[in-house]
Amino acid sequence: MLAKGSGGHGRRQRYPPRNARLPLASALIHMPYEHQQIEQEARRKWKELGVYRVANDPSKPKYYVLDMFPYPSGAGLHVGHPLGYIASDIVARYKRHCGFNVLHPMGYDSFGLPAEQYAIQTGQHPARTTEVNIARYREQLDNIGFSFDWDREVRTSDPAFYKWTQWIFLQLFGSWYDRRADKAAPIATLIACFEQNGFCDEGRRALTGDEEIEAPSFTAEEWKAFNEREKEAILQHFRLAYRSEAWVNWCPALGTVLANDEVKDGVSERGGHPVERKRMPQWSMRITAYAQRLLNGLDTLDWSDSIKEAQRNWIGRSEGALVRFPVVGGDELIEVFTTRPDTLFGVTFVTLAPEHALVDRITTDAHRASVAAYVEEAKNRSERERQADVKRVSGVFTGAYVKHPFTGEEVPVWVGDYVLAGYGTGAVMAVPGGDQRDWNFATHFGLPVIAVTEGADISKEADERKDATICSEGFLQGLKVPDAIKRAIDELEKLGTGERRINFRLRDAAFGRQRYWGEPIPIYYKDGIPYPLPESELPLKLPEVDKFLPTVDGEPPLARAANWNYQGHPLETTTMPGWAGSSWYFLRYMDPHNAGRFASPEAINYWQQVDLYVGGSEHATGHLLYFRFWTKFLFDRGWINFDEPAKKLVNQGMITAYSERIYLHKFGSFGSTSSNTFTYPDEVWTPVNVALPHSVQEFVSADVYERFQGDSEYFSRYTPVNVPIHCVKNGILDINTFMTERPDLMASVFICHNGFVLGSDGIPRREYRQNDLIEYKEPATLAFRTLSEPIVEKMSKSRYNVTNPDDIIAKYGADTLRLYEMFLGPLEQSKPWDTNGIEGTFRFLKKFWNLFHAPAEAASKADDGATPGQARSDNAALVSDEAPTKAELKILHATLKKVTEDIEKMSFNTSVSQFMIAVNELGTLKCNKRAVLEPLVIALAPFTPHIAEALWEKLGHHTSVTLAPWPPWQAEHLVEDSFSYPISFNGKTRLQLEFPIALDPKAIEAAVLANPEVQARLEGKAPKKVIVVPKRIVNIVV
RNA sequence: GCCCGGGUGGUGGAAUGGUAGACACGAGGGACUUAAAAUCCCUUGGUCCGCAAGGGCCGUGCGGGUUCAAGUCCCGCCCCGGGCACCA
């Protein structure tokens, strides 16, 4: 032990160790960076000091950083998950350093299908598995060192939380959208209107605006005479949460209804089960009432263009006209929506969706059979079939005709499945001359095609140009399309057969799920009429059930519960969808323990909107739309004072990963063939017959597979399958590791170019059959190759390409993981995970650490007061209080400037680079000066909080580095006296010349031209032009 | 088909219209070591000329254009990724 205590004088400072334990002398000479101990100690300290606890403190400016909370699945976190969390954590920590009171909470979206599916399989209560999964998530999150205030944790499945989800539901149920004020209002105000004026004529128009409401008209007297059931039936047309007959995506396999965005390619997003369209009573959310405001609000948000665009497309606003076609010989009207009323003179038929309500009523007897058959067929065709079969044109004539509003001509009415029941009115006026689908339909069925625009060649295709001139007969002839549209609508309104109409693609959101693991809907039924549960009855807790399955009569699981009623009246048995809790959770974090309100007005008023919201772009049209919708609703009703939930949204890119693939015999096994042998037609192995047990899976290595690319018969028998990446090294599968991972594949054979291995014993063999004698060879060293071509795909457990953060943290520490994930590239880009580069960030942290623990040689040079070569005898750092040099200050302030600016831009990869540059340069300068290192520790703390905490302590501080003020950069340290100008000729750099910054451009030009080398390049000719850009470049044009 | 991203070394990536390839990985060479690990130093876009010092040419998906100057701006394409889609 060397010179203990001698550092107490002289310039080198020493700080008392927190830790009385004396490390080994050998380790002291060069204190290594021991991440495990450092990180544990830092976490212990944070917990002890409670540094991440945040109070609602109105004296400080607030900043709200929110992550999209995770669904706690059984698989735990992989390295893709924390990417966004790390980024938001850096911002949260940075803002804290800058003096903001930062709300940075985390919680769990803990209702959901997988827990329920697991419960069905195992009988374990979803609450239990959810609990276990949450504990695992928490442990992993803690290991990464996030600065979440866990006292504010929320769980959507916690009754104390879902009480308020139910409460908001009741408010939605008790509200309607008042078009006159363009906001939601209590349903009582609507009832008052009805009592006073009824619902007819002008009053009706005022209340509904452009909205199409199916409710009948009635007078005030009629309203008063309605019984309760009749009144409620009418109110259901207005309530924001309502029950009505609706076309829903019914998934028989899941026994539930899915929202449009939960259906992908005609199958359920979770599970991939087929989905069919079905009409049934259904709880819905009237999000369509907010369509225009959801659209307008986008302009005020600092969200990525792609997300905003996705929402715009999803809302799908289109302007056009509603046109009514009277049915000939009946009193029905067929209403169609069109964006092109200018093409009305080109209408040659009208097409109804197979599900359209009028199909039955207008079909003539002669066509009844064929229409019924077609409708039946079209309805039974799954979405998937329709999708797979885009080219097919199908339809049938109803026998009915409608009257053209302008010409009075009779136009046939067809049914076609290219018309969707859920969009517009479920009927189209077909203009084959102006719409390609109509053209296809007309051509297929030999219906007339009329040219509507000048220059159209309707024999080949429809003309959909929107800048054309109308050529069809009638008053629109000669007008440009936009003018013709206006004129046509004017004419329709004059005739009373149509009007201007704005249509949205957005549909109301299905809100009921035939499921157990979700929030119960707080509604009971009296005589079949839905009534809201009184607020005092909330939360309506999930009841116990014997099984998590539907009942035998297909009722949802809640119907199994005993006493599932309120004062003898049955309670609703469907539960809320996954997006209910996540639509408002950001408010609960503001005041998570409030028992009397979803959050106090003071808390809401203080925290306001989320300042930064970070999450995946896959929520573009689902969560992020409902999130905005509920916020606007709560705003309308006065519970919050802002109508957008998040000012800024950043989408982290997905982490992709390299997958490893081998090939599997598609038809199960070769053992099932009669010969029980495998013939492997290799030039080396000709032929090899291997006797094997029955029913084994056969894998072949990728090089074997690739060698037979020419043999399509061989080729087609195999299909690529992923294998866990950690079972693969340098493209070679370790079969024994693979077997421990996948014991289910024990009865498999792995065939490679020079032999084979049985999964059951892992012994490599080669067996020849020559002249009917089987020859056994010495065990070969086998290289079972995976596909050499790299496969990059989304990181997910099902693709066996996940990397677990726990392993990385164990090996390198959380700080390295955090830094590396940020260093990988721009946050918003998707990028491949590849641990190859992680060494670089780990080395950086070691170098940074070593600046404070200079090895003996460096320390002795920096030291001018103590014995050369001495080292600390304790855990303190070796920093000097010497004044920094100009060069050192320049490095420091350049770094502070770059990092500060980059965090504001969320450009974390470039800040990490800057830190690396700084540490490399300070290392070269052997700088161990406090004045330089201390600000760097603070600046690095948001990125790598653990090491920063440890060094901060070594610098003698007893508080947490988390609370240190952000070091501002000072421009005076960055001023340069001179600049090395690149001298270019015609834009090509040829040489460098250094000039003082202060020198004016004229003088620089003269100096450059006087330079001998420049003279030589000019060869005596005068330059055409010389451009001098101060502090940038000199360009000589010759 | 439509909408949104994106194409830069062997790899991840950097670059207010102003020296393309910062930083890092990998690779090659060297130092230290009995050796390894760790660490440090040098080289590293391609190509050509030169013994060397050094120098030339090409180069940011492709083709044009604007500009003294283009990875960056404009026009026309190609390719990759993601999203949406019989949307009237």
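Reminder, nothing fancy here: chain letters follow the sequence lines and each chain counts from 1.
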Just compare [options] and give me whichever is closest to any side-chain atom of [X].
| X | options | result |
| --- | --- | --- |
| A:Ser306 | B:rC4, B:rC86, B:rU16 | B:rC4 |
| A:Ile917 | B:rC4, B:rA22, B:rA14 | B:rA22 |
| A:Phe823 | B:rC86, B:rU39, B:rC23 | B:rC23 |
| A:Arg843 | B:rA88, B:rU39, B:rA24 | B:rU39 |
| A:Ile1027 | B:rG13, B:rC68, B:rC86 | B:rC68 |
| A:Arg505 | B:rC84, B:rG13, B:rG18 | B:rC84 |
| A:Asn920 | B:rA88, B:rC40, B:rC23 | B:rC23 |

Practice task
Have a look at A:Asp834 and say if it touches a base, only the backbone sugar-phosphate, or nothing, with a 4.0 Å heavy-atom cut-off.
Solution key: nothing
Practice task
Please work out if A:Gln914 contacts a base, only the sugar-phosphate, or nothing of the nucleic acid, heavy-atom cut-off 4.0 Å.
Solution key: nothing
With a 4.0 Å limit, can you tell me whether [X] has a side-chain N or O closer than that to the phosphate oxygens OP1/OP2 of [N]?
| X | N | result |
| --- | --- | --- |
| A:Lys1025 | B:rC68 | yes |
| A:Asn909 | B:rC23 | no |
| A:Lys846 | B:rU39 | yes |

Exercise for the section: Kindly indicate whether the side chain of A:Asn836 and the base of B:rC25 share any N or O donor-acceptor pair separated by less than 3.5 Å? Expected result: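 Not at all, since no donor on one side and acceptor on the other fall under 3.5 Å apart.
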Practice task
Rounded off to whole Å, could you give me the CZ-to-P distance for the A:Phe504 and B:rC84 pair?
Solution key: 21 Å
Exercise for the section: Rounded to the nearest 0.5 Å, what's the gap from OG1 on A:Thr944 to CZ on A:Phe915? Could you check? Expected result: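 These two atoms lie 7.5 Å from each other.
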